Amino acid sequence: MREPSTLLLYLTGIILVLRAPYALRTKASRPGWLAGTFGLLAVICLGFVIPIPELDAVLGSAGYWNILGSTSAILSFHFMYQAILIHTSREAARFYYLGLMLAIACCSACFALIDDKQERFVSVEGFIATLIDQPWTALYLSIYLGSVGIISLLSLYAVWQTAPRSKVFIAGFSLVSLGNAIDIGLLWLQHTKIVGPNVPAFLYKVYIALFFAGVILLCGGFLRGSFYSLLRYHRFLYYAVRIWRILAHTEAKSPNWLAVFLDPKNACYQGLILVRDFMALGGFILNSSELTLTHRADDLLTEFPLTNSS
């Protein structure tokens, strides 16, 4: 599990970096960035980046790395769902937010009822192998995995109902849902000891393959979107800076350059309005390259209007 976890670490880190320039200022872009943030935290809690004993020491040496990782994973998929809803212009499922809060509360309650010194565990596998006999352990992990699986199915439904359908997200959410369903079954097989040790080991490998394949696909989909959004951000920034340099030869007030860098789309729009106003008043003439620049900026704003997130 170390290799796919390391890959996820790099992917989520890249998503955070790519989305940062516009995610913090654009409300519609924040869910994708938050999904990457909580996803990164969930990967860290697996113990492959920071050893679990060191991570647990920071959290009070009470085994809280486990509940932190599961809650972070749930919230990561929650914010993925929010990003999908914004992209598809859909509303959340009925009672979704109530269900999410109940799932996190029940997950935390079951975790608190597990009877053991959890600070002695140094891996998720060790925690499961030792404590799966307790019903609270099986319930805690089932609620966590079930929550992620249900959110994935809701996201899958939203993508499926929206044209054009994204094959990457359909495959990613399908694999995550299937993998989590298999792992829930595996947990109860281990808890009830219905089967021998070889079957759980095989099913665990299947779960790992399905889940990490799905998550990697989802990261790839969000990474592609982040790249295109970052590209649009820099295009708007380029046009905004060029347009306001053109306006420097007029009586227009110099812009707040920090605001230009934070919201280049709006700065580009405001600059174009001023250019047209000065041209309408007469005495302000653009050369051919400047005129071409304004036309290209106008075309970009037509393709991605202010009402859309960049």
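Worth saying up front: this structure is predicted, and the values here are computed from it rather than measured.
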**Prompt:** Does S147 use its side chain to pair, donor to acceptor, with the backbone of A103 at less than 3.5 Å?
**Reply:** no
**Message:** Apply side-chain contact (heavy atoms from CB on, under 4.5 Å) to residues L186 and D183 and explain how you reach the verdict.
**Reply:** CA-CA 5 Å; L186 166 63; D183 198 30; 3.4 Å; yes
**Asked** Does L231 belong to the same Ile/Leu/Val/Met/Phe/Trp/Tyr cluster as V241, with side-chain heavy atoms less than 4.5 Å apart forming each link?
**Response** no
**Request:** Of all the heavy-atom pairs spanning L113 and W136, show the shortest one and how long it is.
**Result:** O-CD1, 3.5 Å
**Asked** Heavy-atom count around Q161 CD within 6.0 Å, excluding the residue itself: above 12?
**Response** yes
**Request:** Classify the ring geometry between F169 and F173 as parallel (under 30°), tilted (30 to 60°) or perpendicular (over 60°).
**Result:** parallel
**Message:** To the nearest 0.5 Å, what is the distance between OH on Y81 and CG on L85?
**Reply:** 4.5 Å
**Asked** Distance from F304 atom CZ to K265 atom NZ, nearest 0.5 Å?
**Response** 8.0 Å
**Fill in**
One should read off an interatomic distance between F77 CZ and Q82 CD, to the nearest 0.5 angstrom, of 14.0 Å
**Asked** Honestly curious: do V215 and L34 fall in one hydrophobic cluster under the side-chain, below-4.5 Å linking rule?
**Response** yes
**Request:** Go through the steps to decide whether Y97 and H78 satisfy the test side-chain hydrogen bond (donor to acceptor under 3.5 Å, both in side chains), and finish with yes or no.
**Result:** CA-CA 10 Å; Y97 297 103; H78 160 69; over 6 Å; no
**Complete:** Heavy-atom closest pair (A240 atom, A267 atom, distance to 0.1 Å) is CB-CB, 4.1 Å
**Request:** State, to 0.1 Å, how close A158 and R90 come at their nearest heavy-atom pair, and which atoms those are.
**Result:** O-NE, 3.7 Å
**Item:** Geometric class of the F38/F79 ring pair [parallel <30°, tilted 30-60°, perpendicular >60°]
**Value:** parallel
**Request:** Apply the test side-chain hydrogen bond (donor to acceptor under 3.5 Å, both in side chains) to residues R235 and Y239: give CA-CA distance (whole Å), side-chain angles for both, the deciding distance (0.1 Å), then the verdict.
**Result:** CA-CA 6 Å; R235 289 177 67 189; Y239 287 129; 4.8 Å; no
**Item:** Nearest heavy-atom neighbours spanning I104 and T71
**Value:** CG2-CG2, 4.3 Å
**Item:** Smallest separation among heavy atoms of S152 and V176, with atom names
**Value:** OG-CG1, 3.3 Å
**Asked** For W33, does its backbone N or O pair with a side-chain atom of T37 as donor and acceptor, under 3.5 Å?
**Response** yes
**Asked** According to a 4.5 Å side-chain heavy-atom criterion applied to Ile, Leu, Val, Met, Phe, Trp and Tyr, with indirect links allowed, do L102 and L154 form part of one hydrophobic cluster?
**Response** no
**Request:** Taking all heavy atoms of W65 and all of C45, pick out the closest pair and write down the distance.
**Result:** CE3-O, 3.5 Å
**side-chain contact (heavy atoms from CB on, under 4.5 Å) between L139 and W188, worked out** = CA-CA 9 Å; L139 282 172; W188 288 100; 4.1 Å; yes
**Asked** To the nearest 0.5 Å, what is the distance between CD1 (I151) and CG (L156)?
**Response** 13.5 Å
**Asked** Which distance, rounded to the nearest 0.5 Å, do you find between the CD1 of I170 and the CG of L217?
**Response** 12.0 Å
**Prompt:** Are F111 and Y144 side-chain neighbours, meaning at least one heavy-atom pair lies under 4.5 Å?
**Reply:** no
**Fill in**
Between the OG atom in S70 and the CG atom in L75, the distance rounded to the nearest 0.5 Å is 9.5 Å
**Request:** Spell out, yes or no, whether L189 and F211 are grouped together once hydrophobic residues are joined by side-chain heavy atoms under 4.5 Å, including indirect joins.
**Result:** yes
**Message:** Taking the side chain as everything from C-beta on, heavy atoms only, tell me whether L247 gets closer than 4.5 Å to F278.
**Reply:** yes
**Request:** Go through Y140 and I67 one step at a time and tell me if the side-chain contact (heavy atoms from CB on, under 4.5 Å) criterion holds.
**Result:** CA-CA 9 Å; Y140 157 65; I67 188 66; 3.7 Å; yes
**Within 6.0 angstrom of H87 NE2, more than 12 heavy atoms from elsewhere** = no
**Request:** Return yes if a side-chain donor-acceptor contact under 3.5 Å exists between Y228 and R224, otherwise no.
**Result:** no
**Prompt:** Can L301 and F236 be said to form a side-chain contact (heavy atoms from CB on, under 4.5 Å), step by step?
**Reply:** CA-CA 9 Å; L301 280 168; F236 276 116; 3.6 Å; yes
**Asked** Hey, quick one: are I273 and L300 part of the same hydrophobic cluster, counting side-chain heavy atoms closer than 4.5 Å, chains of contacts allowed?
**Response** yes
**Residue pair Y157 / S155, side-chain heavy-atom distance below 4.5 Å** = no
**Message:** I'd like to know if the side chain of Q134 and the backbone of L131 have a donor-acceptor N/O pair within less than 3.5 Å.
**Reply:** no
